[in-house]
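Comments concern the structure below.
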There are 2 protein chains.
Amino acid sequence: MLSSPGDSASMRPREETRFEGFLRERKLKLTGERMSILAAVFQRGSHFDAEALHAELKASGADISRATVYRTLDLLVQCGLVRKHSLGATHANYEAAQDEHHDHLVCIQCGKVLEFFRPDLEKLQESICNEQDFQPFHHSLQIFGLCSRCKGGIDEREIRGRVAQLHT
Amino acid sequence: MLSSPGDSASMRPREETRFEGFLRERKLKLTGERMSILAAVFQRGSHFDAEALHAELKASGADISRATVYRTLDLLVQCGLVRKHSLGATHANYEAAQDEHHDHLVCIQCGKVLEFFRPDLEKLQESICNEQDFQPFHHSLQIFGLCSRCKGGIDEREIRGRVAQLHT
DNA sequence: TAGCAGTATGAAACTTGATTTAAATCACTA
DNA sequence: TAGTGATTTAAATCAAGTTTCATACTGCTA
């Protein structure tokens, strides 16, 4: 992947600038903890949960409490820099909002998460909401199944049972 | 709504017969608790959570423990008689599987849940999964926004903040 | 650049949804 | 209808997330 202009070593990552703007706008404070968490989230990129992020921060020497991790993730979600998903789990999954909105395919065997974007889905949403006189703000389409590496040789009955128990 | 043939007073509801078959097949036992829970679920019909169901059972005199409610809901989900959703919440929502698969519109102001089914969505899922070499078992599309009664006169910024914090 | 007001943090307690335990009870088979 | 294994219950436990409150710090302002 090509790096965008804002990524060069001499410039601040654009997510920092954006988060700072967000904090200033709401008269919130720019603290070391908040910036460390933001950096960790964007270094990771892919899907993660709050506890794993906290463990990772701790392992890397940053002494930041669980409460602050949760509080800061909330702020980042408010700010639009981080997205919160369920992906079938009982706990929240997060991802850095580096690109545009997309939906997810979740492999229930290995946990892999694939992303996709389909403009026709956005059209479909519009049409459904028109029919029902509903004003949409957000949608989430999750498809649960087996990825290319996991499909084959797996007891379908067992898979169906597991899928039924997901929070979907 | 017309009542189906199986609903007449002299016949057992078809969900009872089905649950009994499921239990027998797996050499599980048909207990009074399980049957009470099944009946309560199908009397209710609409979306509910485990704690509310437990409270309702208790209120109606049935002395069934929380653990049994949770365990039986799991069985009913396995059996396909009950569906489990998240609907943006951190806890599970259930519904009696009286009709075919459908997806949901969730009003984030009043909590109302509308259902819809679109064959073109099923087609779309097929096409996405073909592209990604993914074997789908289940999908869930949730649209979050404001229903006809709630839209208008609401601060969009506040709504966006609330939506971002959902487990979607 | 010191002081201040108010926000942020951390540790620990708490909450909520859900699961597990152990002992008593019950459903089914023979 | 006795035996055995599944089921139930209350209570303990667990996991994710939130709240509390005393202390520390940020961002002004003078």
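Side-chain atoms are counted along with the backbone in the values below, which use heavy atoms only and exclude waters and symmetry mates. Letters A, B, ... are given to chains in the order of the sequence lines, protein chains preceding strands, and every chain is numbered from 1.
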Sugar-phosphate only, base, or nothing, as touched by B:Arg34 at under 4.0 Å among non-hydrogen atoms: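 Answer is sugar-phosphate: B:Arg34 comes under 4.0 Å of backbone atoms only.
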Touch class at under 4.0 angstrom, heavy-atom based, for A:Asp63 against every strand present: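 Counting heavy atoms under 4.0 Å across all strands, the contact made by A:Asp63 is with sugar-phosphate only.
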Test side chain to side chain donor-acceptor pair (under 3.5 Å) applied to A:Thr168 and B:His138, step by step: CA-CA 9 Å; A:Thr168 68; B:His138 180 69; 3.3 Å; yes
Could you tell me the separation between the [atom1] atom of [X] and the [atom2] atom of [N], rounded to a whole number of Å?
{"X": "A:Asn93", "N": "D:dA15", "atom1": "CG", "atom2": "P", "result": "17 Å"}
{"X": "A:His85", "N": "D:dA16", "atom1": "NE2", "atom2": "C1'", "result": "18 Å"}
{"X": "A:His91", "N": "D:dT18", "atom1": "NE2", "atom2": "C1'", "result": "17 Å"}
{"X": "B:Tyr70", "N": "D:dC14", "atom1": "OH", "atom2": "P", "result": "18 Å"}
{"X": "B:Leu166", "N": "D:dG17", "atom1": "CG", "atom2": "P", "result": "14 Å"}
{"X": "A:Tyr94", "N": "D:dA16", "atom1": "OH", "atom2": "P", "result": "12 Å"}

Geometric class of the B:His102/B:His104 ring pair [parallel <30°, tilted 30-60°, perpendicular >60°]: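 Rings of B:His104 and B:His102: perpendicular, as their planes differ by over 60°.
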Within 6.0 Å of CZ in A:Arg157, more than 12 heavy atoms from elsewhere: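 For A:Arg157, atom CZ is not crowded (no more than 12 foreign heavy atoms under 6.0 Å).
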Heavy atoms from other residues, nucleotides or ligands near CD of B:Glu126 exceed 12 (cutoff 6.0 Å):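 Not more than 12 within 6.0 Å, no.
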Between [X] and [Y], do the side chains contain an N or O donor and an N or O acceptor separated by less than 3.5 Å?
{"X": "B:His139", "Y": "A:Gln142", "result": "no"}
{"X": "A:Asn93", "Y": "B:His167", "result": "no"}
{"X": "A:Asp103", "Y": "A:His101", "result": "yes"}

Evaluation steps, side chain to side chain contact (heavy atoms under 4.5 Å, CB included), between A:Lys29 and A:Leu23: CA-CA 6 Å; A:Lys29 290 178 179 169; A:Leu23 293 174; over 6 Å; no
Residues A:Cys110, A:Arg149; criterion side chain to side chain contact (heavy atoms under 4.5 Å, CB included); working and verdict: CA-CA 9 Å; A:Cys110 70; A:Arg149 297 180 57 167; over 6 Å; no
Identified stems (criterion: three or more consecutive Watson-Crick or G-U pairs, under 3.5 Å), DNA chain D: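 Only these stems qualify: C:1-30 with D:1-30.
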Range on DNA chain C touched by chain B - first to last nucleotide, heavy-atom distance under 4.0 Å: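 Extent of the interface on DNA chain C: C:dG17 to C:dC28.
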Sugar-phosphate or base contact per nucleotide [nucleotides 20-30 of chain D; S, B, -; heavy atom under 4.0 Å]: B-----BS---
Donor-acceptor under 3.5 Å (A:Gln135 side chain, B:Cys147 main chain):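 Not a single qualifying donor-acceptor pair exists.
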Main-chain N/O of A:Val69 paired with A:Thr72 side-chain donor or acceptor, under 3.5 Å: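 No; judged by distance alone, with no hydrogens or angles, the pair does not exist.
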Whichever of B:Leu75 and A:Thr90 has its nearest DNA chain D nucleotide further upstream toward 5':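 It is B:Leu75 whose nearest nucleotide is closer to the 5' end.
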Comparing B:Asp74 and A:Glu33 on DNA chain C - which has the more 5′ nearest nucleotide: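 By nearest-heavy-atom nucleotide position, the 5'-most residue is A:Glu33.
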